[in-house]
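To start, the structure itself, in structure tokens.
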Amino acid sequence: MAAPMEVAVCTDSSAQLWSCVVWELHSGANLLTYRGGQAGPRGLALLNGEYLLAAQLGKNYISAWELQRKDQLQQKIMCPGPVTCLTTSPNGLYVLAGIAESTYLWEVSTGNLLVILSRHYQDVSCLRFTGDSSYFLSGGKDCLVLVWSLCSVLQVDPSRTPVPRHIWSRHTLPITDLHCGFGGPLARVATASLDQTVKLWEISSGELLLSVLFDVSVMAVTMDLAEHHMFCGGSDGSIFQVDLCTWPGQREKSFQPEQDSGKVFKGHRNQVTCLSVSTDGSVLLSGSHDETVRLWDVQSKQCIRTMTFKGPVTNASIMLAPLSMLSSDFRPSLPLPHFNKHLLGAEHGDEQHRGALALRLGLHQQSVLGGQDQLRIRVTELEDEVRNLRKINRDLFDFSTRIITRPAK
């Protein structure tokens, strides 16, 4: 039997030539292209080895392509708002999307929206499942990383708010990327942030294992399968290699480029947006705002191949090509269902939401005295005011972040 083929799947923000391109990793041969829309950062996912999903940049829908569909007809999964990040469970049963400050979880077989998690205070920026699909993690612009048990989320009493297993709050600026290693509930997780640090955590205990400080903000992070090395993409275009097996027992370290010059990949002219490592750990793939995707030899730190795009690269990942990508006559086992925009059993969700909000605000007395119509009008006004306050808060936060992270002249 032939060895599995590794492929690189890439997208850029312009989508002039294609929305997504698949090319053979070592030969550089173009295998497939998909057209229709612009995939946003952290917005590309493979579903059950049969569909390619792409969260459209600034749009309220997710594009879905059959991997070997000759006519390239795309399906659209409509969402309640613009999708900021996207992932799928490795077992192919669930789709997870970040929409504003909330995380939406769908069941693939039925299309039912199972739960909406609203524990972030700013936009959700990245999502990851563990390898066994038992946990998922969400990182946001509020500097928080939340660890969720899928079983607990699905079994929670509808009258109770789901609670994350861990809340990691050691970062001081927005989270830019997450990487989850192997091991399911025993996995280690790397988190990157604009605060110029990458932190390594343990899911089972929730403890911080390592924190590495860099001279620049870190925009992307990944590890090899053996977790011997951690690769961190900087805002200046550099990629730093952190050797996890050689650090002393200290939890906090500073990466010194002048001392660790042999651990830096140089070639990108602008910030690194995404990183991925081959199965054997010998090759590193990187995408950048300089409109290039580069393939690196990890041992020599030399660039093997460069692919040029028409816009900043938003996604670039290495994966083993599924059978459906290599076989021209393969068809999905089941068609994608219609994905619901409202929670299961919440056909009158707007009315329930307004009623719940009214009770929280102590307006039930007004409902009794003034009637339901007057109550609905008042609650709608309050909802509009809350939305405006959230927008103001988000704008202030983004402005402060830009000021703090502005390079010194």
Side-chain angles (χ1 to χ4, degrees), residues 10 12-13 41-42 85 125-126 128 139 141 143 145 170-179 189-201 210-224 227-244 246-247 252-277 281 283-304 306-307 309 311-318 401-409:
C10 309
D12 68 350
S13 60
R42 314 280 181 262
C85 51
S125 55
C126 39
R128 288 288 185 274
K141 291 184 177 180
C143 317
V145 177
R170 298 288 189 92
H171 285 290
T172 56
L173 285 175
I175 307 299
T176 55
D177 198 12
L178 298 172
H179 176 82
V189 176
T191 60
S193 170
L194 292 178
D195 64 8
Q196 303 184 359
T197 67
V198 170
K199 300 184 186 296
L200 192 65
W201 311 80
L210 178 68
S211 179
V212 185
L213 176 65
F214 297 89
D215 292 335
V216 296
S217 297
V218 183
M219 312 306 296
V221 65
T222 191
M223 293 188 288
D224 58 9
E227 299 183 10
H228 289 163
H229 308 294
M230 184 164 60
F231 302 93
C232 311
S235 58
D236 64 345
S238 300
I239 303 171
F240 311 102
Q241 177 182 315
V242 179
D243 296 335
L244 298 177
T246 58
W247 286 113
E252 296 188 1
K253 284 288 182 181
S254 295
F255 188 93
Q256 304 293 337
E258 60 277 3
Q259 298 178 7
D260 298 308
S261 58
K263 304 293 180 60
V264 182
F265 301 77
K266 290 187 176 293
H268 286 299
R269 301 185 306 276
N270 208 327
Q271 76 175 42
V272 177
T273 55
C274 37
L275 293 170
S276 186
V277 185
V283 173
L284 174 69
L285 185 74
S286 63
S288 170
H289 271 186
D290 64 7
E291 303 181 2
T292 65
V293 170
R294 293 177 181 263
L295 198 63
W296 307 85
D297 177 71
V298 171
Q299 186 172 5
S300 66
K301 308 297 184 291
Q302 297 299 311
C303 180
I304 304 171
T306 301
M307 281 193 65
F309 288 74
V313 177
T314 52
N315 298 279
S317 62
I318 298 174
T401 300
R402 288 195 299 270
I403 294 298
I404 294 174
T405 59
R406 180 182 296 171
K409 296 183 178 179

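A quick note: this is a predicted structure, and the numbers were derived from the prediction, not measured. The residues of the chain are indexed from 1 along the displayed sequence.
Distance CG/Leu213 to NZ/Lys199: 8.5 Å, rounded to 0.5 Å. Taking OG of Ser317 as the reference point, atom CG of Leu275 lies at 11.5 Å (rounded to 0.5 Å). Considering CD1 of Ile239 and CZ of Phe265, their distance stands at 6.5 Å, rounded to 0.5 Å. The distance from atom CG of Asp236 to atom CD of Gln271, rounded to the nearest 0.5 Å, is 10.0 Å. Note that the CE atom of Met223 and the CG atom of Leu244 stand 7.0 Å from one another [nearest 0.5 Å]. Distance check: Ile175 CD1 to Ser125 OG gives 6.5 Å after rounding to the nearest 0.5 Å.
A search for side chain to side chain contact (heavy atoms under 4.5 Å, CB included) contacts involving Ile404 returns Leu173, not counting sequence neighbours. Taking Asp177 as the reference, Arg42, Arg128 meet the salt bridge (charged side-chain N to carboxylate O under 4.0 Å, His left out) condition, with sequence neighbours excluded. Under the rule for a side chain to side chain contact (heavy atoms under 4.5 Å, CB included), the partners of Thr306 that lie at least two apart in sequence or sit in another chain are Thr292, Arg294, Cys303. Residues forming a ring pair (Phe, Tyr, Trp, His ring centres under 6.0 Å) with Phe240 (at least two apart in sequence, or on another chain): Phe214, Phe255. With sequence neighbours excluded, the residues satisfying salt bridge (charged side-chain N to carboxylate O under 4.0 Å, His left out) with Glu227 are Arg188. Shown here are the salt bridge (charged side-chain N to carboxylate O under 4.0 Å, His left out) partners of Lys263, two or more places apart in sequence or in another chain: Asp243.
Here the shortest heavy-atom pairing between Met219 and Leu194 reads SD-CD2, 3.7 Å. The two atoms that bring Cys143 and Pro174 nearest to each other are SG-N, 3.9 Å, heavy atoms only. When all heavy atoms of Val277 and Ile318 are compared, the closest pair comes out as C-CD1, 3.8 Å. Here the shortest heavy-atom pairing between Gly139 and Leu178 reads N-CD1, 3.8 Å. Across Cys126 and Cys85, no two heavy atoms sit closer than the pair N-SG, 3.6 Å. When all heavy atoms of Asp290 and Arg269 are compared, the closest pair comes out as OD2-N, 2.9 Å.
Within the 3.5 Å criterion, the main-chain N or O of His179 finds no donor-acceptor partner in the side chain of Thr222. Side-chain N or O atoms of Asp195 include none that pairs as donor or acceptor with a backbone N or O of His171 at under 3.5 Å.
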- Show your working on side chain to side chain contact (heavy atoms under 4.5 Å, CB included) between Ile304 and Gln302 and close with a plain yes or no. CA-CA 6 Å; Ile304 304 171; Gln302 297 299 311; 5.9 Å; no
- Task: Could you go through the side chain to side chain contact (heavy atoms under 4.5 Å, CB included) check for His268 and Ser286 one step at a time?
- Result: CA-CA 9 Å; His268 286 299; Ser286 63; 2.7 Å; yes
- Task: Apply side chain to side chain contact (heavy atoms under 4.5 Å, CB included) to Val145 and Trp201, showing your working.
- Result: CA-CA 11 Å; Val145 177; Trp201 311 80; 5.8 Å; no
- Query: After noting the C-alpha distance and the side-chain angles of Ser288 and Val313, does the key distance pass the side chain to side chain contact (heavy atoms under 4.5 Å, CB included) rule?
  - Reply: CA-CA 5 Å; Ser288 170; Val313 177; 5.9 Å; no
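Shown here is Glu252, whose CD atom has no more than 12 heavy atoms of other residues, nucleotides or ligands within 6.0 Å.
Between the side chains of His289 and Thr273, no donor-acceptor pair is found at a separation under 3.5 Å.
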